[in-house]
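Step one of this worksheet: look at the structure below.
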Amino acid sequence: MEQGIVETEYFTLHTLCDGVFAAIAKPGQGAWSNAGIIDLGDELLVFDSLSTPSAGEELRHQAESLTGKKVKYLVNSHYHGDHVFGNQVFSDTTIISTYVTERMCKEKNKIEDYEKEKQDMNRYLLQLKKQIDSTEDTILKASLINQYQEMSKVLEDLSQLQIVLPSMLFEEKLTINGTDRTVELYCLGGGHSPSDTFMYLPKEKIAFMGDIVTEDLHVPIYNPEDFLSILKRVKQIDISKIVPGHGNVSDLALCDTLIEYLSLITHRAKEAFQYKLSLEEFISGFAIPKVYREWKGVNGIKANLTTIYTYLKKAKKSTF
Ligand SMILES: [Zn+2]
């Protein structure tokens, strides 16, 4: 086994430098997104809690057994379930997020009726299964199968899932000074979700990005204009290693790729809007450029086109 790498059922743990680890999700195993473990000196900080309590438990176990220290903080990058459904494993720690993310977790992730939730998920999975069986498109098929597997893992854990909310809230920046290491949390707004937090280690020049930076993925867009401006600001930071919310450890080049992707589909939406194409005409006439054809989550492209088109229409903007 390669040095500094630990394989688990849910993720591969990479040592980025002494005391800084990236948990890179294994597809379809119940982690779904990436996480980070930071040794602050006397105690640990974990960035994101993965998609299921089972994966979150493994994350905490690895963190504490690798370092012999206890987790003191958990950071939630944003409210999406694949990043926060492991929170309950960290309920004895200080869970940190922005005010907006805490509110979104409260509103969007609440489970009132477990039976109904289960039925809804089963229905959705059945629908996915039908789509998988009926498509000949190998890229779409692979993407749907992955979604099916990830959601099945969430369903498996659903009866034990508890929504645990963040308790330490901030707005734009929070610095945590450990005895040996400092981490900075930044929220530059909401591009992928209403509020996106990333974590920067200034001395090590490592950044854990949540879903504002992902690799080869049609990542859902919340606000295209803010998404672009956040990425452009991130590019100004002195970062040598990036841990994306989904995909492998990389560098700022990932940021450029995403900026190009967002710029291109925004440009196309602007053209469609200017030529007075309807949303349906825009979507049906949109051919995914070759460079993005192998990207994961291809079934999400329609949603992204819709978001951008609707955003432009609402804002009557063509200048960003
Ligand atoms: Zn997300």
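For the numbers below, each heavy atom of this structure counts, side chains included, while hydrogens, waters and symmetry mates do not.
- Between the NZ atom in Lys205 and the CG atom in Leu252 there is a gap of 11.5 Å [rounded to 0.5 Å].
- For Glu64 and Lys69, the salt-bridge test fails: no basic side-chain N is under 4.0 Å from an acidic carboxylate O.
- Around the CD atom of Glu271, the shell of radius 6.0 Å holds more than 12 heavy atoms that belong to other residues, nucleotides or ligands.
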Cut-off 3.5 Å, no hydrogens considered: what does the side-chain donor-acceptor table look like for residues 41-49, sequence neighbours left out?
unit_1: Asp48; atom_1: OD1; unit_2: Ser77; atom_2: N; d: 2.8
unit_1: Asp48; atom_1: OD1; unit_2: Ser77; atom_2: OG; d: 3.2
unit_1: Asp48; atom_1: OD2; unit_2: Ser77; atom_2: OG; d: 2.8
unit_1: Asp48; atom_1: OD2; unit_2: His83; atom_2: ND1; d: 2.8
unit_1: Ser49; atom_1: OG; unit_2: His83; atom_2: O; d: 3.4
unit_1: Ser49; atom_1: OG; unit_2: Val84; atom_2: O; d: 3.4
unit_1: Ser49; atom_1: OG; unit_2: Gly86; atom_2: N; d: 3.2
unit_1: Ser49; atom_1: OG; unit_2: Asn87; atom_2: N; d: 3.0
unit_1: Ser49; atom_1: OG; unit_2: Asn87; atom_2: OD1; d: 2.8

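- For residues 242-267, the set of pairs meeting the salt bridge (Lys or Arg N to Asp or Glu O under 4.0 Å) definition, not counting sequence neighbours, comprises Lys235-Asp256.
- Remark: side-chain polar atoms of His246 are paired, donor with acceptor, to backbone N or O of Trp32 under 3.5 angstrom.
- At least one donor-acceptor pair closer than 3.5 Å links the side chain of Asn34 to the backbone N or O of Pro244.
- The pair Asp133-Lys130 fails the salt-bridge criterion, with no side-chain N (NZ, NE, NH1 or NH2) lying under 4.0 Å from an Asp/Glu carboxylate O.
- Under the 3.5 Å distance criterion, the side-chain polar atoms of Asp196 are matched with a main-chain donor or acceptor of Ser193.
- Leu40 CG to Lys72 NZ: the interatomic distance, rounded to the nearest 0.5 Å, is 9.5 Å.
- Partners of Asp113 by salt bridge (Lys or Arg N to Asp or Glu O under 4.0 Å), not counting sequence neighbours: none found.
- Proximity of Lys129 to Tyr148: side-chain heavy atoms (C-beta onward) are separated by under 4.5 Å at one or more points.
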Practice item. Evaluate the criterion side chain to side chain donor-acceptor pair (under 3.5 Å) for residue pair Gln119 and Glu115; output intermediate values, then yes/no. Key: CA-CA 6 Å; Gln119 282 169 9; Glu115 270 320 302; 4.9 Å; no

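- Taking the six-membered ring where tryptophan is involved, the planes of Tyr200 and Tyr186 are tilted, since the angle between them lies from 30° to 60°.
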Exercise for review: May I have the step-by-step check of side chain to side chain donor-acceptor pair (under 3.5 Å) for Ser195 and Thr98, ending in yes or no?
Suggested key: CA-CA 7 Å; Ser195 177; Thr98 63; 2.7 Å; yes

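- Counting only residues at least two apart or in different chains, ring-ring contact (aromatic ring centres under 6.0 Å, His included) contacts with residues 213-241 comprise His218-Tyr261, His218-Trp295.
- Between the side chain of Arg293 and the backbone N or O of Ile288, at least one donor-acceptor pair lies under 3.5 Å.
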Practice item. Show your working on salt bridge (charged side-chain N to carboxylate O under 4.0 Å, His left out) between Lys26 and Glu9 and close with a plain yes or no. Key: CA-CA 8 Å; Lys26 289 186 174 173; Glu9 185 185 338; over 6 Å; no

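- Panel note: side chain His192, backbone Pro220; a donor-acceptor pair is recorded below 3.5 Å.
- Clustering ILVMFWY residues whenever any of their side-chain heavy atoms sit less than 4.5 angstrom apart, transitively, puts Val243 in the very cluster that holds Val75.
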Review point. Yes or no on side chain to side chain donor-acceptor pair (under 3.5 Å) for Asn177 and Thr182, after CA distance, side-chain angles and deciding distance?
Key: CA-CA 5 Å; Asn177 293 304; Thr182 294; 3.0 Å; yes

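- Asn146 places no side-chain N or O within donor-acceptor distance of the main-chain N or O of Ala142, the cut-off being under 3.5 Å.
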**Study point:** Chi angles and distances behind the side chain to side chain donor-acceptor pair (under 3.5 Å) call for Thr266, Ser263
**Key:** CA-CA 5 Å; Thr266 301; Ser263 304; over 6 Å; no

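- A donor-acceptor pair under 3.5 Å is absent between the side-chain atoms of Thr135 and the main chain of Gln131, judged by distance alone.
- A distance of 6.5 Å separates OG in Ser240 from CD1 in Ile206, rounded to the nearest 0.5 Å.
- Remark: Glu204 does not engage Lys241 in a salt bridge, criterion side-chain N to carboxylate O under 4.0 Å.
- Listed for the Glu281 side chain is a donor-acceptor partner under 3.5 Å among the backbone atoms of Ser278.
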Return a table of donor-acceptor pairs under 3.5 angstrom between the side chains of residues 153-168 and protein atoms on other chains or two or more places apart.
unit_1: Asp157; atom_1: OD1; unit_2: Ser54; atom_2: OG; d: 3.1
unit_1: Asp157; atom_1: OD2; unit_2: Ser54; atom_2: N; d: 3.0
unit_1: Asp157; atom_1: OD2; unit_2: Ser54; atom_2: OG; d: 2.8

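- Judged by distance alone, with hydrogens and angles left aside, the side-chain atoms of Ser284 form a donor-acceptor pair with the main-chain N or O of Glu280 at under 3.5 Å.
- Counting only distance, with no hydrogens or angles, the side chain of Ser229 and the backbone of Asp226 share a donor-acceptor pair below 3.5 Å.
- Counting Ile, Leu, Val, Met, Phe, Trp and Tyr side chains that sit under 4.5 Å apart, directly or through other members, Leu126 stands alone, with no cluster partners.
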Practice item. Please test Arg60 against Asp92 for salt bridge (charged side-chain N to carboxylate O under 4.0 Å, His left out), starting from the C-alpha separation and ending with a verdict. Key: CA-CA 12 Å; Arg60 182 164 190 172; Asp92 60 325; 2.7 Å; yes

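- Of the candidates Arg103, Glu102, Glu107, Met104, Tyr79 forms a side-chain contact (heavy atoms from CB on, under 4.5 Å) with just one, namely Met104.
- The distance from the CG atom of Leu258 to the CD1 atom of Ile230 is 11.0 Å, given to the nearest 0.5 Å.
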Check your understanding: Checking salt bridge (charged side-chain N to carboxylate O under 4.0 Å, His left out) for the pair Lys141/Asp137: CA distance, chi angles, key distance, verdict?
Key -> CA-CA 6 Å; Lys141 209 188 216 12; Asp137 181 334; over 6 Å; no

